[in-house]
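Everything on this sheet refers to the single structure shown next.
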Amino acid sequence: MKRKFLESFIKEEYDIPPEFPWIKYPSFAVYRHGENKKWFAVIMEIKKEKIGIREEGTVNVVNFKCDPLLIGTLVNDNGIHRGYHMNKNYWITVRLDGSVDEEKIKWLTHISYERTL
């Protein structure tokens with residue numbers, strides 16, 4: 001799944017627009033619940049090395065809140081890492097470079113949305 005597809009999916013599924021809260025990082029998008037303002041997805045473009053990929057360049061990723069019991073299993077999958085710049089016990093980082101199946105990313109979006117209600 002690519003970034004644009006995920007952004008469209010969140011808009012269609014939850015009718016939530018992105019917020020761009022950081023001047024220093026204008027492409028970083030935060031999706032939060034309307035009532036409690038909790039984040040359920042953060043889409044960023046980061047250096048690959050930040051998530052342990054030993055090659056040059058950047059990659060689009062999304063951070064999702066996740067059940068701690070699932071994280072240990074999920075991080076064994078290609079394209080899923082412990083949360084970048086978030087609490088690694090509760091957040092995962094998913095690459096948006098086609099390495100993770102679209103249905104799995106949709107499922108993880110739903111989990112994160114529900115865990116942050």
Minimum heavy-atom separation for Phe20 and Ala29, please, with both atom names. CE2-CB, 3.7 Å
Over 12 foreign heavy atoms within 6.0 Å of NZ, Lys50: no
Min side-chain heavy-atom separation Trp91-Arg115 under 4.5 Å: no
Val75-Ile53 co-clustered via ILVMFWY side chain contacts under 4.5 Å: no
Do you know which two heavy atoms are closest between Arg95 and Val61, and how far apart they sit? CA-CG1, 4.0 Å
Apply the test side chain to side chain contact (heavy atoms under 4.5 Å, CB included) to residues Leu96 and Phe5: give CA-CA distance (whole Å), side-chain angles for both, the deciding distance (0.1 Å), then the verdict. CA-CA 9 Å; Leu96 298 174; Phe5 187 88; over 6 Å; no
Atom CG of Asp97 and atom CZ of Arg3: how far apart are they, to the nearest 0.5 Å? 13.5 Å
Tell me whether the count of non-hydrogen atoms from other residues, nucleotides or ligands lying under 6.0 Å of OH in Tyr25 goes above 12. no
Do the non-hydrogen side-chain atoms of Asp77 and Lys104 ever get within less than 4.5 Å of each other? yes
How are the rings of Tyr31 and Phe40 set to each other: parallel, tilted or perpendicular (split at 30° and 60°)? tilted
To the nearest 0.5 Å, how far apart are CZ in Arg82 and OG1 in Thr93? 11.0 Å
Report yes if some heavy atom in the side chain of Tyr14 is under 4.5 Å from a heavy atom in the side chain of His110; otherwise report no. yes
Is there a side-chain contact between Thr109 and Val62 (heavy atoms, below 4.5 Å)? no
What's the separation between atom CD in Glu45 and atom CG in Asn60, rounded to the nearest 0.5 Å? 5.0 Å
Look at atom NE2 of His33 and say whether more than 12 heavy atoms of other residues, nucleotides or ligands are closer to it than 6.0 Å. yes
Looking only at heavy atoms, the pair that brings Gly72 and Asn76 closest together is O-ND2, 3.2 Å
Intermediate values then yes/no, side chain to side chain contact (heavy atoms under 4.5 Å, CB included), Ile111 and Phe64: CA-CA 8 Å; Ile111 289 173; Phe64 289 129; over 6 Å; no
When every non-hydrogen atom of Leu74 is compared with those of Ile80, the smallest separation belongs to O-CB, 3.4 Å
When rounded to the nearest 0.5 angstrom, what is the spacing between CD1 in Ile71 and CG in Asn89? 7.0 Å
In terms of hydrophobic clusters joined by side-chain contacts under 4.5 Å, are Trp107 and Leu69 together? no
Check for me, please, whether Leu6 and Met44 land in the same ILVMFWY cluster - side-chain distances under 4.5 Å, paths through other members count. no
Interatomic distance, NZ@Lys106 vs CD@Glu13, rounded to 0.5 Å, equals 8.0 Å
In short, Arg32 meets Ile16 closest at the heavy-atom pair O-CG2, 3.5 Å
Do Tyr113 and Ile10 have side chains that get closer than 4.5 Å, going by heavy atoms? no
For the pair Lys88 (side chain) and Gly83 (backbone), establish whether a donor and an acceptor sit closer than 3.5 Å, ignoring hydrogens and angles. yes
Heavy-atom side-chain contact between Trp39 and Met86 under 4.5 Å: yes
Answer with yes or no whether the hydrophobic clustering places Ile51 together with Val42; edges join I, L, V, M, F, W, Y residues whose side-chain heavy atoms lie under 4.5 Å apart. yes
Under 3.5 Å donor-acceptor, Asn36 side chain and Thr116 backbone: yes
Just by modelled atom types, is the Leu108 backbone N or O under 3.5 Å from a matching donor or acceptor in the Ser112 side chain? no
How far does CG of Asn87 sit from NZ of Lys65, to the nearest 0.5 angstrom? 8.5 Å
In this structure, are over 12 heavy atoms from other groups packed under 6.0 Å from Lys11 atom NZ? yes
Within the distance-only criterion (no hydrogens, no angle test), does the side chain of Asn63 pair as donor or acceptor with the backbone N or O of Tyr84 below 3.5 angstrom? yes
